[in-house]
Amino acid sequence: MIKCIVDGRLNKLISSSRARVGNCLCCNMSTNELMFKLRFNDIYEIQTVNRVILEQNVQMSVIQYADGTIYYPIIMDGQVNQDVLDLIHKDMEWLSNRYGKATLAD
């Protein structure tokens with residue numbers, strides 16, 4: 001868990017209803033602990049979960065399929081957050097085309 005906090009990056013624990021075991025282990029969280037935390041939040045079936053993200057403050061953001069979309073800033077502290085780009089299925093080329101290369105370089 002400390003590595004995730006120090007890195008300051010979002011860590012996807014579940015993506016498309018599938019537990020990302022490697023990411024859980026990176027954060028010193030077993031899949032049993034992940035499932036316990038989901039049950040604690042009244043979620044009993046992983047199939048209803050679109051994604052679970054472990055935030056920098058060690059809180060879990062759970063996004064179920066019926067929830068809609070949660071918005072995260074793409075650029076924070078002057079740095080492009082690649083994890084957010086991955087979540088929205090976009091890349092640096094899309095970002096450059098949308099906001100201009102000069103804006104991203106500043």
Side-chain angles (χ1 to χ4, degrees):
M1 192 169 322
I2 292 173
K3 180 182 184 306
C4 299
I5 295 168
V6 172
D7 284 349
R9 297 184 340 185
L10 304 174
N11 199 336
K12 294 176 267 189
L13 303 179
I14 294 178
S15 180
S16 300
S17 299
R18 293 180 187 216
R20 300 183 72 173
V21 178
N23 289 355
C24 291
L25 294 176
C26 169
C27 295
N28 294 327
M29 181 184 298
S30 70
T31 51
N32 285 335
E33 185 179 354
L34 173 63
M35 297 308 293
F36 169 77
K37 289 183 179 204
L38 289 175
R39 287 190 302 274
F40 187 76
N41 286 300
D42 294 325
I43 298 170
Y44 299 96
E45 295 182 18
I46 196 170
Q47 293 82 5
T48 65
V49 178
N50 186 356
R51 66 181 157 264
V52 172
I53 298 168
L54 186 65
E55 305 285 352
Q56 290 91 339
N57 64 358
V58 195
Q59 296 295 315
M60 286 183 6
S61 293
V62 179
I63 303 157
Q64 292 184 275
Y65 282 107
D67 282 352
T69 304
I70 292 179
Y71 296 97
Y72 295 100
I74 295 173
I75 300 173
M76 279 181 39
D77 299 327
Q79 300 292 318
V80 175
N81 190 331
Q82 187 62 46
D83 290 329
V84 174
L85 284 177
D86 291 343
L87 283 173
I88 63 173
H89 307 292
K90 303 293 183 189
D91 58 15
M92 286 297 293
E93 183 179 344
W94 171 84
L95 191 61
S96 294
N97 290 337
R98 176 147 177 138
Y99 294 104
K101 293 178 183 168
T103 304
L104 293 176
D106 293 340

Using only atom types and a distance under 3.5 Å, with no angle test, would you say the side chain of N23 pairs donor to acceptor with the backbone of N11? no
Could you check if a side-chain atom of K37 sits within less than 4.5 angstrom of a side-chain atom of I43, using non-hydrogen atoms only? no
Is it true that the side chains of E55 and S61 contain a donor and an acceptor less than 3.5 Å apart? yes
For S30, the side-chain hydrogen bond (donor to acceptor under 3.5 Å, both in side chains) test, sequence neighbours excluded, returns none
Could you tell me whether the side chain of L13 reaches within less than 4.5 Å of the side chain of R20, counting heavy atoms only? no
Calculate, to the nearest 0.5 Å, the distance between atoms CG and OG belonging to N50 and S15 respectively. 7.0 Å
For E93, what residues pass the side-chain contact (heavy atoms from CB on, under 4.5 Å) criterion, not counting sequence neighbours? D91, N97
Does any N or O in the side chain of T48 come within less than 3.5 Å of the main-chain N or O of Q64, such that one atom is a donor and the other an acceptor? no
Taking every heavy atom of A19 against every heavy atom of I14, the minimum-distance pair comes out as CA-CG1, 4.1 Å
With side chains defined as the heavy atoms from C-beta onward, is the minimum distance between R98 and K90 less than 4.5 Å? no
Starting at CG of L38, measure out to OH of Y44 and round the result to the nearest 0.5 Å. 10.5 Å
How far apart are the C-alpha atoms of V80 and M92, what are their side-chain angles, what is the distance that settles it, and do they pass the side-chain contact (heavy atoms from CB on, under 4.5 Å) test? CA-CA 9 Å; V80 175; M92 286 297 293; 3.6 Å; yes
